[in-house]
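All values below were derived from every heavy atom in this structure, side-chain atoms included, with hydrogens, water molecules and symmetry-related copies excluded. Since this is a predicted model, take the numbers as computed values, not measurements.
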Amino acid sequence: MATLTKLDDIVSLAKRRGFIFQSSEIYGGLASCYDYGPLGVELKNNVKRAWWKSVVQMRDDIVGLDSSILMHPMIWKASGHADKFADLISECKKCHSRTRVDQLKNKNGSEGDVNELSNKVCPACSSVGQFTEPMPFKLMFETQMGANAEDTMTLYLRPETAQGIFANFRNVLDSTRVKVPFGIAQIGKSFRNEVTTKAFIFRTREFEQAEIEFFCEPGTDEQWYETWKAARFAWYTDLGIKADNLRFREHDADELAHYAKACTDVEYKFPFGSGDWQELEGIANRADYDLRQHQRGMRSMNAWFEQGRDLMKVNLVDEAEDYHKGPLSFYDDQKKKHYIPYVIEPSAGMDRSTLAFLVDAYDEEEVKGQTRNVLRFHPALAPTKVAVFPLVKKEGMPDIAHNITDDLKRYVTAFYDEKGAIGRRYRRQDEAGTPYCITVDGDTLAEKTVTVRERDSMEQIKVSVDQIKGYIRDKLDM
RNA sequence: GCGGGUGUAGCUUAAUGGUAAAGCCCCAGCCUUCCAAGCUGGCCAUGCGGGUUCGAUUCCCGCCACCCGCUCCA
């Protein structure tokens with residue numbers, strides 16, 4: 001089983017076959033940004049579709065949402081991002097390492113005044129008082145709302161889609177008949193000014209998330225956490241990721257984010273170098289942190305206006321005594337009580353998982369002394385589902401093949417090709433990961449059959465023309 | 001952000017202070033009745049900007065991007 005062992009090979013393959021291009025390449029590229037080409041967009045759309053089918057379409061207890069990227073700034077105050085994502089950073093003049101100012105300690109080990117750096121020790125080289133002026137590090141992208149340049153408001157491109165879900169928790173409760181336990185699912189772009197962007201599309205500043213916020217009764221959260229871990233792991237393996245390349249990694253207490261009670265990553269072993277485990281998805285127990293915070297935020301709007309709409313000056317009001325009965329609480333009709341639901345959050349990176357599906361599907365094998373390159377995509381993910389060929393460009397074969405292609409196009413992505421030798425056309429489809437090829441041959445006219453060739457085994461069978469549509473749809477399970 | 005490396009065609013590589021070469025891919029045509037066959041022809045490149053020079057892809061400087069390591073983030 002051949003694999004790609006260098007990142008360069010992945011980048012090259014992704015470009016060569018039209019999966020992923022560097023953004024703005026004709027202008028020398030833009031760091032950390034990538035575009036999906038013709039095959040890549042099909043693959044990524046299929047990954048998103050498979051996720052949506054798995055968590056929304058196939059379940060009775062999850063509904064969908066598509067919230068806007070721009071939201072009220074106070075969302076980010078309440079969520080904690082405005083504070084946590086705007087750290088002051090100082091750089092050591094000696095070793096040029098950068099450290100968050102609030103993490104620096106004095107020479108004698110005491111915390112000391114955060115603003116007084118003259119006695120602080122560099123954690124990297126132990127130099128004392130060698131720091132530059134603290135610089136604000138903005139992890140959220142800022143933008144302006146309002147075309148009149150003198151009357152604008154600073155907004156933020158969302159650093160996670162989750163807050164759009166929390167902000168709509170009440171709307172979903174009021175407009176649907178969902179009852180806890182239930183979830184809200186969303187796919188969308190998020191933006192973070194990462195300190196370091198690295199390694200192709202693993203960590204980009206613009207990325208696409210698929211998130212579920214699953215609301216459950218306090219006390220049942222740990223059970224749901226385990227349920228979701230298992231469900232999400234199975235999603236990857238069901239779609240063809242080799243189980244050996246997938247694992248859980250539980251976060252230690254000291255690495256948990258500010259909102260999380262527990263968190264487990266689903267990691268994929270990318271085959272570069274010695275094998276590098278990278279996070280595809282995080283499954284977190286956010287407890288009732290977010291909904292409680294937004295209840296505070298909703299009551300802090302006076303402060304927002306009084307402080308001149310400056311997020312850094314706003315302080316959230318204290319939590320109400322009866323917060324469990326607040327506007328973002330849930331009323332359990334049977335138990336006759338209000339409570340703030342706990343939240344289990346499976347948050348998947350669509351770009352990362354798309355790349356994992358691509359890498360995992362890659363294979364090369366020897367066939368009659370020749371190397372055959374093939375992408376063994378799960379049929380649900382394959383960019384093209386079926387290719388149709390006339391064996392030769394005569395005896396009416398192209399017309400029949402065209403008709404079959406047009407017929408199949410109504411249901412699946414189908415591709416017609418009549419160029420070159422038949423073997424070359426098969427191999428081209430192998431490289432794109434097309435699971436089935438249909439060839440119109442001499443028997444089609446005489447016996448009304450076509451040849452169906454299967455990607456992985458290269459086996460061929462005869463299927464009658466009038467059954468081909470049903471045969472393909474059945475094979476693709478569509 | 002630091003250190004090191006890299007940048008020639010869609011891909012993989014070559015060469016050079018003086019016309020940039022090849023294979024694969026792709027396109028057109030011929031041939032072709034089941035797995036990258038063959039023949040003919042064709043398209044296509046020195047990341048961007050500046051300097052030195054009669055002349056720069058080559059030497060120098062700056063920028064951009066990517067890779068490796070560190071740092072950072074989580």
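- Under the 3.5 Å distance criterion, with hydrogens and angles disregarded, a donor-acceptor pair is assigned to the side chains of A/Ser67 and A/Gln186.
- One interatomic measurement links the two molecules: CG of A/Asp443 to C1' of B/C34, which rounds to 11 Å at whole-angstrom precision.
- A salt bridge does not link A/Glu364 to A/Arg372: none of the charged nitrogens lies less than 4.0 Å from a carboxylate oxygen.
- If you check distances only, the side chain of A/Tyr27 never reaches the base of B/C48 with a donor-acceptor pair under 3.5 Å.
- Of the listed residues (A/Glu454, A/Gln460, A/Arg453), just one forms a side-chain hydrogen bond (donor to acceptor under 3.5 Å, both in side chains) with A/Ser457, and that residue is A/Glu454.
- Side-chain atoms of A/Gln429 and base atoms of B/A36 include no donor and acceptor less than 3.5 Å apart.
- Atom P of B/U13 sits at a distance of 28 Å from the matching atom of B/G62, rounded to the whole Å.
- Using a 4.0 Å heavy-atom distance criterion, A/Glu431 is classed as a base contact.
- Remark: A/Arg286 fails to qualify as a cation-pi partner of A/Tyr342 under the 6.0 Å distance and 45° angle criteria applied to the six-membered ring.
- A donor-acceptor contact under 3.5 Å is not formed by the side chain of A/Ser12 with the base of B/C11.
- The residues A/Lys48 and A/Glu208 are annotated as salt-bridged, a charged nitrogen and a carboxylate oxygen being separated by less than 4.0 angstrom.
- Look at A/Arg203 and you won't find any side-chain N or O under 4.0 angstrom from OP1 or OP2 of B/C72.
- For the pair A/Arg17 CZ and B/C24 P, the interatomic distance rounds to 17 Å; values are reported in whole Å.
- The pair A/Lys462-A/Asp441 counts as a salt bridge, with a side-chain nitrogen and a carboxylate oxygen less than 4.0 angstrom apart.
- Considering only residues two or more places apart in sequence or on other chains, A/Phe215 meets the ring pair (Phe, Tyr, Trp, His ring centres under 6.0 Å) condition with A/Phe169, A/Phe182.
- Base pairing of B/G69: its partner is B/C2, meeting the Watson-Crick or G-U wobble criterion (both donor-acceptor distances under 3.5 Å).
- In this structure, A/Arg424 reaches the B/C26 phosphate: one of its side-chain N or O atoms is under 4.0 Å from OP1 or OP2.
- Nucleotides B/C11 and B/C26, compared at atom P, are 15 Å apart to the nearest Å.
- Within the nucleic acid shown, A/Gln22 comes within 4.0 Å of sugar-phosphate atoms alone, with no base atom in reach, counting heavy atoms only.
- Between the C1' atoms of B/U6 and B/U46, the separation comes to 14 Å (whole Å).
- B/G7 sits 28 Å from B/G42 when the C1' atoms are compared, rounded to a whole Å.
- Comparing the same atom, P, in B/A9 and in B/A45 gives a spacing of 9 Å after rounding to whole Å.
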Distances under 3.5 Å between protein N/O atoms and the N/O atoms of nucleotides 5-10 of chain B, please, pair by pair.
none

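- A donor and an acceptor atom, one from each side chain of A/Asp360 and A/Tyr268, are located under 3.5 Å apart.
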Within the sub-3.5 Å range, which N or O atoms of nucleotides 28-31 of chain B have a protein N or O partner, and how far apart are they?
| from | atom 1 | to | atom 2 | distance (Å) |
| --- | --- | --- | --- | --- |
| B/A28 | OP1 | A/Lys419 | NZ | 3.4 |

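- Between A/Arg427 atom CZ and B/C26 atom C1' there is a gap of 19 Å when expressed in whole angstrom units.
- Comparing the same atom, P, in B/U58 and in B/A22 gives a spacing of 22 Å after rounding to whole Å.
- Across all strands, A/Asn373 comes closer than 4.0 Å to base atoms (heavy-atom distances).
- Across the P atoms, B/C63 and B/U12 are found 27 Å apart, a figure rounded to whole Å.
- For B/C35, its base sits under 3.5 Å from the side chain of A/Arg453 at one donor and acceptor pair at least.
- Considering A/Glu226, A/Lys229, A/His251 as possible partners of A/Thr264, the one that fulfils the side-chain contact (heavy atoms from CB on, under 4.5 Å) test is A/Lys229.
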Chi angles and distances behind the side-chain hydrogen bond (donor to acceptor under 3.5 Å, both in side chains) call for A/Asp35, A/Gln22: CA-CA 6 Å; A/Asp35 301 338; A/Gln22 184 168 27; over 6 Å; no

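- On the C1' atoms, B/A20 is 8 Å away from B/U8, given to the nearest whole Å.
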